[in-house]
Amino acid sequence: MQPAELSAVELVQAVRQGDLTAERCTEAFLSRIESVDGRIHAFLKVDREGALRAAAAIDQKRRAGKPLGPLAGLPVAVKDALCTFDMPTTCASKMLANFRPPYDAEVVARLRAADAVIVGKTNMDEFAMGGSNENSAFGPVHNPWDLSRTPGGSSGGSAACVAADMTPVAIGSDTGGSIRQPAGLCGITGLKPTYGRVSRRGLVAFASSLDQIGPMARSAADCALVLETIAGHDAGDATSLKEPVPAYSTDLERPLAGVRIGRVPAHFGAGLDPEVAHGVEEAFAAFRAAGATIHDIDMPHAGAGVATYYVVAPCEASSNLARYDGAHYGHRAEPGRGHRAEPGRGHRAEIGGGHRAEPGRGHRAEIGGGHRAEIGGGHGSTGFSKDNGGFESALEEMYCRSRAEGFGPEVKRRIMLGTYALSAGYYDAYYAKALRVRRLIRQDYLDAFQKVDLIGGPVSATPAFKLGEKTGDPLAMYLVDLYTVCTNLAGVGGISFPCGFTKSGLPIGFQLQAPALAEPLLLRATDRYQHLTDWHRRRPALAAAPG
Amino acid sequence: MTANAPPLPSSFTTVIGLEVHVQLQTETKLFCGCSTQFGAPPNTQVCPTCLGLPGSLPVMNRRAFDLAVRAALALDCHIAPFTKWDRKNYFYPDLPKGYQISQFDLPFSADGQLEVVDPKGGWSRKVGIIRVHLEEDAGKSMHDEGAGTGDTRIDLNRAGTPLCEIVTQPDLRSPQEARAWLNELKLLLVYLGVSDCNMQEGSLRVDANVNLHIPCDGGPEAGGRIAKTPIVEIKNMNSFRSVERALVYEVARQFAEWQTTKAEMGKTPKQTRGWDDPAGVTRAQRHKEESSDYRYFPEPDLVPVTVSQAFLAETRGAMTDPPTVLRQALEAKWKISAYDADVLVNQGRDLVAYFEALAEAVGEGKVASNWMQQDVLRTLNERGGTIGEFPVRPPVLAEIIGRVAKGDFDTSRGREIFAEVLSSGRSVADVVASLGIAAVDDDELVALCRELLAENPKIVADVQAGKEQAAAGLIGQAKKKNPNVNPGKVRALCVDLIRKMG
Ligand SMILES: [Zn+2]
């Protein structure tokens, strides 16, 4: 039995039944990573030893007759925006190049508790800002279907990882489409749950009111399996929802008879690639064949989605990223060395000057006594004295240079946009207005879900584009989020999955959106579709070739 | 007090408003589970949340919110049914997240008042409260100026400590009023268990805004106008006494400045001055140009808080009487003066409890109050410590007071016994016996008086001549013969015997 040929559901079953050891399963995927990731660069960190150790412990547990968790032996790759106590968490930023969190993100902790095996951390756009993975400070990810193309972003590493069979499941985060768009461009299934369904604790924040973690896998059934583990209330996240978690896996097979799917005619306007349009219409036809009914609906404010998103998200980001100032941790510019820090010298990513907090669940990490966050520690010549004002100016210079050197251009662009939009005199014109439009968009969804149960449509206007194609045009890049941002602004759930391929062999994605907490229906509708079609079973040529 | 201040001018109005930050008396911080205990080694009471580590999230401490509501209710504030959190963005090394979680446009409470009354009846002042809001504290920066190292050290133990910010209307009219009002505020918050208001530990901090309204050209009555000097915010005052001194200094400084510059409010930006306590002067602090734009926006990591009427009723019900109510209650119940009630209440709730237990046991308020003021408080001040630790408990003191009333010994003897019980820890009976204080029997007393009369023919003659007060001269001699005699009895008996000699 080749582990890579099994679904996540089948793998877990095989491990639980003893047909496959967790160690063998893990080893199989690790070798796959070793043979293909050199071409894809989906991973920023592969923890071979840690993964095999975790797998061995699971096998040990099974041999000892102890009960195994619901994800027993399942190799999982985690986006590098989620904190892991045993691996660096960089957010693909030079700023956090050496950051080792003293804790696991709640989602990671739940995965481990369910006996999943964390194999590594996946590449992404820096701080999850981008739609092509080209904003990674450590180099872009290549789309397994065409290595000259982008996998999408920002969870491009997680999408490419699953598409290239490097793990059966990966974890992504979605702020404006960062799970669904790369899933669409890489031909896999990606779910963005309802805001608050999955704890954000330990997810490095980009835009707190929009961020949501979700599973990325080959199928809806595999996503359902993982969501059952990671969803649910977390007292450590005030925005986490208290509603009980349904057994997503058990209700997948119920037919779609009577389910109403909305279709937004405006989605099919200029700019939508004809091949994508065709694939999407075919998917509507398949849903009709499965018993669903299709209804044209209007989302009157959807056109303002991208503009609204690019005010709200940068505003929150400008504040969320203020902590990377070089004073406490993160990249710190070396003083007195001209305008450019020597590469590799200016990285000061330890917490509290080298103190490593004890790992553990929950928030109580002990930071040892005597921890000292120095400002310009030991640089007497800079004259950091409070009285003469030298302190303030040296401090300001350290801030400016650390942030100028530590952040990439797109992150800086968004920090500046957000800072501007929140500034006195502009707040009402930008931020306050964006919040009002956000409420209108939310209302659009509430109105639409009076008439239909789901809203279908394209995920992206085009299939995967060439690396470098849009990097010189930020505005064109922002438009790749056209079909996905409103889901986040409204706080509802969405899923994307493959619904066909272009003539040149690139995946076409289909998106379904549902009312808050309607993940069971999203997953069921996708599963029923995947029962009728086999797009999700196709593998890139790369996957067929031996390492 | 005003040694460093220029001479005081005559006719103008001083306008003072205060901004008070009070640390709420919680076990843990506002948004994480770290201890708020003062005095721990630097950076030992921190966690990912209060260190602002990536991925950490705040969760509101409900206890802090409840305490803040209690304070706001006691300050007569309106409590908003819906309140939210906002981020105040600025960069500073002791602010690990780069923003402070605070409340901007929808504070949880607003529009209250607190009156301070001079116990001697001289004056009173109602001070309006603009708003009370909750926020987290920053850490502490320690600028090391020694040895030219120029290091700045950061202690984040304080970061995330819950603070209540109380902003008053500019209703105070003198530095003395400001000090008295702060005392009243502190007393109120301590009584309610909201804060220990310990300024040395930083659990209460005050900034004062002050300017002068100076009548020009004879003032409005004479067709003139009122000139308002630029508002100055004074910081770095570490006691209420410093607040008063700084304001006295600043009032004089502003008047002197006005006389030379005639600068008025609105034409120059608000100035911040720091109080230099040893030098007794305020000094201009460097102006931070961008400090005004904090780019407030709603905190997306926290959910808004809704406050129900039931919750408010419950909080009100659980609140103990504020000092004003307590003063009136003591006055009425124990028939003591407003001044005495004020002294007792100002010492805190535990002392009031001690007094009430004592008055109850003695069966009378006035005497108990006198003993409290003259003996208990004085001794407490000398010894230090709290009334809770005071060794002479109310029943013991009541026993002494009772025996004085019965005539077993006089008040000054009673004080000696009180002092002895206090220092030795022995019982009253024990001390009375060891001091040889025993009731003198009547025969013994008659014999002693006869002896006295025989030795003092002059006094006998004076009393016989109608100068009864001359008998007082016998008391001292009687006490020398037997310290246990009751002076009242000696006097009465002697007068009686002289009459019989008639
Ligand atoms: Zn903490």
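Below, read A as the first sequence line, B as the second, and so on, with proteins coming before strands; counting in each chain starts at 1. Computation of the quantities below employed the complete heavy-atom set of this structure, encompassing side-chain atoms and omitting hydrogens, waters and symmetry-equivalent molecules. Just so it is clear, the structure is predicted and the values come from calculations on it, not from any experiment.
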Is the backbone of Asn43(B) close enough, under 3.5 Å, to the side chain of Asn157(B) for a donor and an acceptor to pair up by distance? yes
Looking at chain B, which one of Ala205(A), Ser318(A), Ser319(A) has the largest number of heavy-atom pairs inside 4.5 Å, strictly under? Ser319(A)
Which atoms of Phe91(B) are under 4.5 Å from chain A, going by heavy atoms: the side chain, the backbone, both sets, or neither?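 The answer is both parts of Phe91(B).
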Under 4.5 Å to a heavy atom of chain A? For Asn89(B) that would be side chain
Ion pair present between Lys88(B) and Asp86(B), side-chain N to carboxylate O less than 4.0 angstrom? no
Taking heavy atoms only and a threshold strictly under 4.5 Å, list by residue number the residues of residues 418-428 of chain A that touch chain B; give 'none' if the list is empty.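 Interface residues of residues 418-428 of chain A: Thr419(A), Leu422(A), Ser423(A), Ala424(A), Tyr427(A).
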For Cys91(A), which atoms come within 4.5 Å of any heavy atom of chain B: side chain, backbone, both, or neither?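 Neither part; nothing is under 4.5 Å.
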Examine whether an atom of Asn320(A) lies under 4.5 Å from a heavy atom of chain B, and if so say whether it belongs to the side chain, the backbone or both; otherwise answer neither.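 When you check distances to chain B, atoms from both the backbone and side chain of Asn320(A) fall under 4.5 Å.
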Less than 3.5 Å apart, any donor N or O on the side chain of Arg201(A) or Ser56(B) sitting next to an acceptor on the other? no
Flag for Asp94(B)-Ser141(B): side-chain donor and acceptor within less than 3.5 Å: yes
In terms of relative ring orientation, are [X] and [Y] parallel, tilted or perpendicular, with 30° and 60° separating the classes?
X: Phe297(B); Y: Tyr431(A); answer: perpendicular
X: Phe407(A); Y: Phe127(A); answer: perpendicular
X: Tyr294(B); Y: Tyr90(B); answer: perpendicular

Who are the side chain to side chain donor-acceptor pair (under 3.5 Å) partners of Gln271(B), not counting sequence neighbours?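 Once residues adjacent in sequence are excluded, the partners of Gln271(B) under the side chain to side chain donor-acceptor pair (under 3.5 Å) criterion are Arg273(B).
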